[in-house]
Amino acid sequence: MDKSSGDGGNVFLVRLVQVYESFRRAELEAIADLLEFKMDILDYNDDSPFCLVRLPSIQNARALISRTIIAHAIYVLWGSGSDYPSLRTSVREQSAHLWAPFAESSFRFEIDSFRGKRSMKEQRSIIESFSWLPLNGPIVMRGAELTLTVFEDWAAGDQKRRSQEQKPDSESQDPESAIASSSLPRPPQPKRLYLGQLIAESGRSHALAKYDLKKRVYVSTTSFAAEIALVTANMAHAAPGRLLYDPLAGTGSLPVACAHFGAMTCGSDIDGRMIRGKGGRRSVVGNFEQYGFKERWLDGWVSDLTNSPLRGLGDEEATRRAGWLDGIVCDPPYGVREGCKTLGKRREERNAVVEGPVYIDGKLSHLLDGYVPPKKPYSFDAMLDDILEFAAVMLVENGRLAMWVPTANENNIALVTPMHPHLELVSECIQSFNKWSRRLLTYRRLRAGEIDRSTKSRKRTYGTGVTANELNSFRKKYFEGFKPTQS
Amino acid sequence: MKILTLNFVTCARKACKASPAAFPLRPREAELEIVEQDINPLFVRNVLPRLEWDALREVCGELGLQQLPSTAPSPDDLFTTTPAAADTAMADAADAHEPRPSQLLRDLHTLLLETTMRSGKLVCGNCGHEYAVKEGIANFLLPSHLV
């Protein structure tokens, strides 16, 4: 295969998981970027779990897979082909230097059929077709020094057709003789084959089991599922020594995911009950304690995004300098389960009372215990722009913002991606549900020299409505059941 | 709220952002406690250049904590490459070259990440607004007449 030859590093096969297709490539790229090595994606298809990449070294491959969530493992590619004869030719001609060191090693073979199934007999026949490899070591099922995997990539539906056609004499057929017997119509075969040497497995299964929401002490209806929260943390470059902040933290699902990768985290929420929790271990701090890294939760506080207490905002000097946060992760409330709120009074309330502080029994009401400041609904678009403005000021150079945004799945609605002159959109990943979808937008804070001073961030005007529906078109569509709009 | 976080927050009012008097917030009636944490040398090193050192000194003074030097230490002072004499015999060759946290780093860790304001008030030096800290959690929400 042309792609696997050539200089500058080795070709590896990443065995992806066939979920969250649009996140997989972006996740690998985010990790390679974080770990600062060059990765060329040689072959990637949303329809396949086999991705070929070129990496400078096996150490890089181990580092890459150790952080990847939407992959099972990484392999050194020994060969590939469109059928078994061409796969064997590819291995024989290109990979002698790869298999030579294992001549006396213990080894085992595995078959990984994507959308396909092989009987034990077929598997044995496939494995025996590689018996020419000079592997003289013992075959062991556990703890082998060399694990070789044959990957089969079947087209959707071919496996089903194959089993129907083969039924009458399936016992007498093995894949080799099936190909050889030209008198019969050729049954469907895998469209692509690979042979790979296992290097390392990802931390996926361990992490998904550990951070399963069902086992987490403190959760709410808006807690983020472990898998996609961990991917978000990867996109935001959460790593040891870094400080990440979630301005809409809720029960802290995203900070927990960032802490998994070693980052220091902090978070705030306009709803103090979320940050304080329900007492004892049922709190954000309790979640960090549950996972054994309470030292990675710097602090939680109660604050509003538009009136943030973090230093740097509104300060002219600070806007010229870069900020002090390495990353920002957030999942803004879509206004469905949790409303978009900011501090202030609704218009009708404003008219009803006198402007200024309120006294109760001669004391300022806002200094009394149990005071809850009034909140008003907030335009979703305005909130997204506020988050971008916040990130532009608070992030260090090359710091990242990973933010979730919902959209209705309608063809006639153009996807609006909020932009800021100090932020570069790195990736855009889509998770589709039935009638709506959400996107993970990842931005990078530009370095001082990269910022084009001539572009001013445009001031948008937002809906002047008062109710949640008027201010948030996504919420309105959600509760209308995403009916197509008349046009 | 940890001493480190106090170095990152100022008054939430937009009107106070430009005023030098608003930062740092002045701790009042503060009840402090030490919450032991595992040391994170890499994080302390990375966060050191992001601190407003004068503000940190001021807050330490107000809280009656130790007197800090007038200028921020250099990140080089956080690690020592020569292990103490007693350790040399024990440490193998590879370990001896590993940078070790210095006493300064340990002290900064205790100050920034273990010293916690359990309760009290944070007062803005510009507008005088008081933010309450309860059970270690500060509340920066503003009443509507200040928004």
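Every chain is numbered from 1, with letters handed out A, B, ... down the list of sequences. Since the structure is predicted, the reported quantities are computational estimates derived from the model, not experimental observations.
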With rounding to the nearest 0.5 angstrom, report the [atom1] to [atom2] distance, [X] to [Y].
X      : Y      : atom1 : atom2 : result
A:W324 : B:N46  : CH2   : CG    : 14.5 Å
A:I270 : B:L141 : CD1   : CG    : 6.0 Å
A:R296 : B:N40  : CZ    : CG    : 7.5 Å
A:S283 : B:I137 : OG    : CD1   : 7.5 Å
B:C11  : A:N307 : SG    : CG    : 9.5 Å

Task: Greater than 12 external heavy atoms within 6.0 Å of B:Q103's CD - done: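 Yes, enclosed.
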Task: B:Q66 atom CD, neighbour heavy-atom count above 12 within 6.0 Å - done: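 Buried by this count: over 12 neighbours within 6.0 Å.
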Open item on the list: When you measure from the side chain of A:D299 to the backbone of B:K2, do you find a donor-acceptor pair of N or O atoms at a distance under 3.5 Å?
Closed with: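 Pair found, side chain donor or acceptor close to backbone of B:K2.
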With a 4.5 angstrom heavy-atom cut-off, could you sort out which part of [X] is near chain A: side chain, backbone, both or neither?
X      : answer
B:F8   : both
B:I39  : neither
B:L4   : side chain
B:L113 : side chain

TODO: Heavy atoms only, distances under 4.5 angstrom: which of B:V47, B:L112, B:T5 has the most pairs with chain A? Name it, please.
DONE: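 Answer, by heavy-atom pair count under 4.5 Å with chain A: B:T5.
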- [ ] Inspect the contact between A:R311 and B:E52 and indicate whether a charged nitrogen and a carboxylate oxygen are less than 4.0 angstrom apart.
- [x]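 Salt bridge: yes.
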- [ ] Any salt bridge (charged side-chain N to carboxylate O under 4.0 Å, His left out) involving residues 103-114 of chain B? Give me the pairs, sequence neighbours left out, ordered by first then second residue.
- [x]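 Every pair satisfying salt bridge (charged side-chain N to carboxylate O under 4.0 Å, His left out) with a residue in residues 103-114 of chain B: there are none.
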- [ ] Name, in order of residue number, those residues of residues 286-295 of chain A that have a heavy atom at a distance of less than 4.5 Å from a heavy atom in chain B; otherwise write 'none'.
- [x]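 Interface residues of residues 286-295 of chain A: A:K294, A:E295.
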Open item on the list: How close do A:T306 and B:K14 get, counting heavy atoms only, and between which atoms?
Closed with: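 Taking A:T306 first and B:K14 second, the nearest heavy atoms are O-NZ, 2.8 Å.
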Task: side-chain contact (heavy atoms from CB on, under 4.5 Å) evaluation trace for A:L243 with B:F43 - done: CA-CA 8 Å; A:L243 178 59; B:F43 178 70; 3.8 Å; yes
